[in-house]
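A quick write-up on the structure given underneath.
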Amino acid sequence: MSDESLYDRVGGLPFFERLVDEFYAGVVTDEVLWPLYPDQSDLEGAKHRLALFLAHYWGGLTTYLEERGHPRLRMRHMGFVVGPRERDRWLVHMAAALDRVCTDDEARAEMTAYFVKAAEHLRNDTGLPISSQR
């Protein structure tokens with residue numbers, strides 16, 4: 001096994017930008033997920049943030065941290081209802097995007113395992129801000 005990061009193995013930021021473009025191509029047509037986006041006119045912003053987060057997570061650029069600070073994914077998603085249905089729809093679109101852009105089976109398996117775990121972690125089922133939850 002190489003010490004090369006997954007970020008480098010898949011081709012760096014251009015790979016993650018393609019992945020995110022493919023992912024959002026599904027999200028914008030999804031009747032469960034699309035309504036969760038409060039500023040649908042800023043899809044480019046959402047794409048930019050997700051691509052930079054994934055690039056950073058998988059060993060690449062630190063631009064996400066410089067622009068947004070610590071990811072705090074659960075906190076950032078707490079204002080939205082993320083239940084089993086939303087989790088599953090998110091995973092459907094991410095799996096489809098991975099199938100379209102990732103030719104490295106090992107990398108695809110590694111990313112899929114992370115996405116399943118992360119999507120479950122983001123479940124909150126209430127959509128209440130952290131300060132409102134007890």
Side-chain angles (χ1 to χ4, degrees):
M1 178 134 192
S2 168
D3 286 341
E4 188 177 36
S5 69
L6 185 139
Y7 174 86
D8 290 325
R9 288 189 347 245
V10 297
L13 185 59
F15 167 85
F16 290 103
E17 290 171 333
R18 285 191 313 276
L19 178 66
V20 167
D21 282 344
E22 290 292 331
F23 168 73
Y24 274 106
V27 168
V28 299
T29 66
D30 192 289
E31 63 187 37
V32 172
L33 295 181
W34 189 232
L36 296 178
Y37 287 81
D39 188 1
Q40 294 176 346
S41 67
D42 185 26
L43 187 57
E44 291 309 310
K47 287 179 173 183
H48 174 76
R49 290 184 296 275
L50 181 55
L52 288 181
F53 168 75
L54 294 174
H56 170 71
Y57 182 85
W58 294 107
L61 308 169
T62 60
T63 309
Y64 181 89
L65 294 178
E66 294 160 12
E67 289 183 5
R68 308 269 296 170
H70 187 281
R72 295 188 291 277
L73 292 179
R74 189 158 169 80
M75 183 198 77
R76 291 184 194 274
H77 291 83
M78 194 57 68
F80 308 99
V81 174
V82 181
R85 192 167 81 137
E86 291 81 9
R87 173 204 59 206
D88 292 349
R89 296 305 304 153
W90 192 95
L91 288 169
V92 161
H93 295 296
M94 189 54 79
L98 276 170
D99 286 346
R100 287 192 290 274
V101 303
C102 189
T103 59
D104 179 324
D105 291 339
E106 186 177 316
R108 186 170 47 249
E110 191 175 341
M111 285 188 278
T112 298
Y114 166 75
F115 290 139
V116 168
K117 189 162 83 172
E120 181 61 26
H121 176 71
L122 292 178
R123 277 190 50 202
N124 64 47
D125 299 315
T126 64
L128 297 175
I130 291 173
S131 61
S132 300
Q133 294 188 358
R134 299 194 190 255

Margin query: Return the NE2 to NZ distance between His121 and Lys117, rounded to the nearest 0.5 Å.
Written below: 10.0 Å

Item checked: Closest heavy-atom pair and its distance - Leu36, Val32 -> CG-O, 3.8 Å

Next item on the list: Begin with the C-alpha distance, continue with both residues' side-chain angles, and end with the deciding distance and a verdict on side chain to side chain contact (heavy atoms under 4.5 Å, CB included) for Leu50 and Phe16.
Entry: CA-CA 9 Å; Leu50 181 55; Phe16 290 103; over 6 Å; no

Notebook entry, point to check: Would you say Trp90 and Leu122 make side-chain contact, with heavy atoms under 4.5 Å?
Noted result: no

Item checked: Approximate separation, where rounding is to 0.5 Å, of Leu43 CG and His48 NE2 -> 13.0 Å

Checklist line | Shortest non-hydrogen contact from Cys102 toward Ala107 | finding: SG-CB, 4.1 Å

Item checked: Rounded distance (nearest 0.5 Å) linking atom CD of Glu44 with atom OH of Tyr24 -> 10.5 Å

Item checked: Inter-residue atom distance Leu54.CG - Leu61.CG, 0.5 Å rounding -> 12.0 Å

Notebook entry, point to check: In this structure, which one of Thr112, Val27, Leu19, Val116 forms a side chain to side chain contact (heavy atoms under 4.5 Å, CB included) with Met94?
Noted result: Leu19

Next item on the list: Mind running side chain to side chain contact (heavy atoms under 4.5 Å, CB included) on Leu13 and Leu52 for me, showing each step along the way?
Entry: CA-CA 8 Å; Leu13 185 59; Leu52 288 181; 4.3 Å; yes

Check: What's the shortest heavy-atom distance between Ala25 and Val28, and which atoms?
Finding: O-CG2, 3.5 Å

Next item on the list: Nearest 0.5 Å please: distance from the CE atom of Met111 over to the OH atom of Tyr57.
Entry: 11.5 Å

Next item on the list: Verify the neighbour count for atom CZ of Arg100: are there more than 12 heavy atoms of other residues, nucleotides or ligands below 6.0 Å?
Entry: yes

Check: Closest approach of Leu91 and Phe115, non-hydrogen atoms and distance?
Finding: CD2-O, 3.5 Å

Margin query: Tell me which one of Tyr114, Phe53, Tyr7, Phe15 satisfies ring pair (Phe, Tyr, Trp, His ring centres under 6.0 Å) with Trp58.
Written below: Tyr114

Item checked: Ion pair Arg89/Glu86, N-O distance below 4.0 Å -> no

Next item on the list: Taking all heavy atoms of Leu33 and all of Asp30, pick out the closest pair and write down the distance.
Entry: N-OD1, 2.9 Å

Notebook entry, point to check: Which atom names give the shortest non-hydrogen contact between Pro35 and Gln40, and what distance separates them?
Noted result: CA-NE2, 3.9 Å

Next item on the list: Check the hydrophobic clustering (I, L, V, M, F, W, Y; side-chain heavy atoms under 4.5 Å; chains of links allowed) and say if Val20 and Val92 are grouped together.
Entry: no

Note to self: Name the residue from Glu22, Arg108, His93 that meets the side chain to side chain contact (heavy atoms under 4.5 Å, CB included) definition with Leu98.
What the structure shows: Arg108

